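Predicted model only: the values in this text are computed from it and were never measured. Letters A, B, ... mirror the listed sequences (proteins, then strands); counts begin at 1.
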Amino acid sequence: MSAIQEVVSEAPAVEAVPKRAMTLGNGTSLIMLALLIAAPLFVKNFIIFQLTMLLIYGLAVLALNILTGGSGQFSLGQSAFYAVGAYTSAILMEHVGMNYALTLPVAGVICFAFGFLFGQPALRLSGVYLALATFALATAMPQLLKLGYFEQWTGGVQGLVVTKPDAPFGLPMSQDMWLYYFTLAITIAIYIFSVNLLKSRSGRAFMAIRDNEIAASAMGIDVALYKTLAFGVSAGITGVAGGLGAIAVQFVAPDGYTSSSSCPTSRREFQKACPARCSACCCFWSSSWCPMAHGKSPWWPSNWSASSRRTSAISTEEKKCFLKNYVSPRSRRRSSLSLPRVAAHLPKRNTTPARPTPKSRSATSCPIVALPPPTA
Amino acid sequence: MELFVNQILAGISTGAIYACMALAVVMIYQAIDHLNFAQGEMAMFSTFISWQMMQWGVPYWGAFILTVAFSFLAGIAIERLLFKPLAKAPILTNVAGFIALYAIINSVAGLIWDFTIKQYPTPFGSSPFLGSQLISTHHAGMIGVTVLLLIAESARLVGVNTSWMIALGWGMAAAIGSIAGMLIAPVVFLEPNMMGGVLIYGFAAAVLGGLTSPLGAVVGGFLVGIFENLAGTYIPGVGNELKLPIALALIITVLVVKPAGLFGRPIVKRV
């Protein structure tokens, strides 16, 4: 086995699956949305509960989408952030008496901080080593939760019981139905947020880092900041999902968040469903608003492999291609959200719709390589 | 001082477990450059098969040999059926494959043999070894088997990565894993989740020793066992409760400070 790994492989670039093939159309998305809104009116409470859990897991997979599909960092440790979010929500509801809706932003912020801090040592790891470190985090989390030092807050091995909220304003719906609509509203909001995030400059920075980190940093993107931000945002969304999960299940316990639920599924619900299925159910409304707007979806291997083929030549055409993909917007939607401190060298977004060029589909076959370090 | 020496001895005896697991992990890493997250579950499954054979009346050593042979063939089969098609695929696909295998084997084992804890016999007996209270004969037997495996592995020809060499690597890793499982089961008791913590420690040991070196894996295993015991004894607050977070901290520290490990070869990435 050679001790030298070629980062740039010799295989030819492969055309990616076009974006349109993997998204639902506008009409289909609206029908799905209508179905989701209407569903609880016709089914029993337990099915509503299961639909709620489906939405919550979809939310967690959405977070993983931002992290792994967006910025290319593998994480098998989502269950750790989910657990932190769930416990934060439970502790705030039970010990501090906070309103359940207010615990969710707090859980999100705390998990964001936690994910941001974990992203710092993760900066130096990549590929299978990062997968290993996050796997170890997921496995170690139940023990941290059982720690005797925190037992008066976390309830130790037995965990905490959480009271389910009633529908407000005396609305004539059951607890389960209210929680379902509450979760649906939050899921839609976070979905819109993440779509906008991935289409903004920050999202393009993530995708540039995913595709070729060295070239991205040569273009002026602050790689360290964006990688840790990706971890933080993903952890924050997973934390919100965890908080919702705690309220829905009405119970938090350390052994409910083992590493076998970091796919993310739980033993009770989907019994180790394949991640692609979960991401499919979280992409209900994938129309032209598909988060992976550039035709790169994380769970399609053929697509993924397209972005890892590079040649070792470099030319001005390739530099232009890189700029076109990661600097100018390709979709016609204006993104309204952008994280602060974007790269200074990236030009400002223009507001006119991008002219479709004949080579616009060849984005992923564009041979992008590391640019040489600037001389002088 | 005596406490220190006792802890070292106890650390060596638990380290033998981690060394066995780490050896299997390194074996697969040498073949395919990926970490097999399902290694622990494969070992657990093999242990269950040997337990089932013993329930049916096969004597211990017969079951042992049959299980090792079965695991070797099963490892080759898994590689041919599941991971050969993924050979050219990117890392994420392979990692997803390993995690899927982890989940599937865990659940299938639970389905067939349920999640209650079972007793598993030890071939070496549990009497104190040479009069010492800390190492039983079983632990001494584990250390002996680990060293034997290391010698046997070093003698294997490490050739070019042709596809049958990869299958051979998988088969040997599965066989070593099954031996590790059968040695560990008397200590941690047989149930489908027994390998979770051991696997993390095995990874920590493999990373510490260097993922490209079997000797490093064994040395790393003993070092991790000693470190775990000393940390549990001397660092306040860390008792039995923080074993896995200690392993996590160790993995991250080693990967950040010296990713090649103690005996590994540094990988040079050509851009």
**Message:** Apply side-chain contact (heavy atoms from CB on, under 4.5 Å) to residues A/F135 and B/V95 and explain how you reach the verdict.
**Reply:** CA-CA 11 Å; A/F135 184 73; B/V95 170; over 6 Å; no

**Atom of A/T139, atom of B/G196 and distance for their closest heavy-atom approach** = CG2-O, 4.4 Å

**Item:** Contact winner vs chain B - A/L144, A/L125, A/L132, heavy-atom pairs under 4.5 Å
**Value:** A/L132

**Prompt:** With a 4.5 angstrom heavy-atom cut-off, which part of B/L211 approaches chain A: side chain, backbone, both or neither?
**Reply:** side chain

**Prompt:** Is the CD atom of A/Q120 crowded by more than 12 outside heavy atoms at less than 6.0 Å?
**Reply:** yes

**A/Y129 and B/Y29 aromatic ring geometry - parallel, tilted or perpendicular at 30°/60° bounds** = tilted

**Request:** Evaluate side-chain contact (heavy atoms from CB on, under 4.5 Å) for B/I252 paired with A/F118, printing each intermediate quantity in order.
**Result:** CA-CA 10 Å; B/I252 293 187; A/F118 187 77; 3.8 Å; yes

**Item:** Candidate list B/F37, B/Y102, B/F98, test side chain to side chain contact (heavy atoms under 4.5 Å, CB included), partner A/L76, passing option
**Value:** B/F37

**Request:** Output the option from B/L86, B/L35, B/L248 having the highest count of non-hydrogen pairs under 4.5 Å with chain A.
**Result:** B/L248

**Asked** Using non-hydrogen atoms only, which part of B/L255 is less than 4.5 Å away from chain A: side chain, backbone, both, or neither?
**Response** both

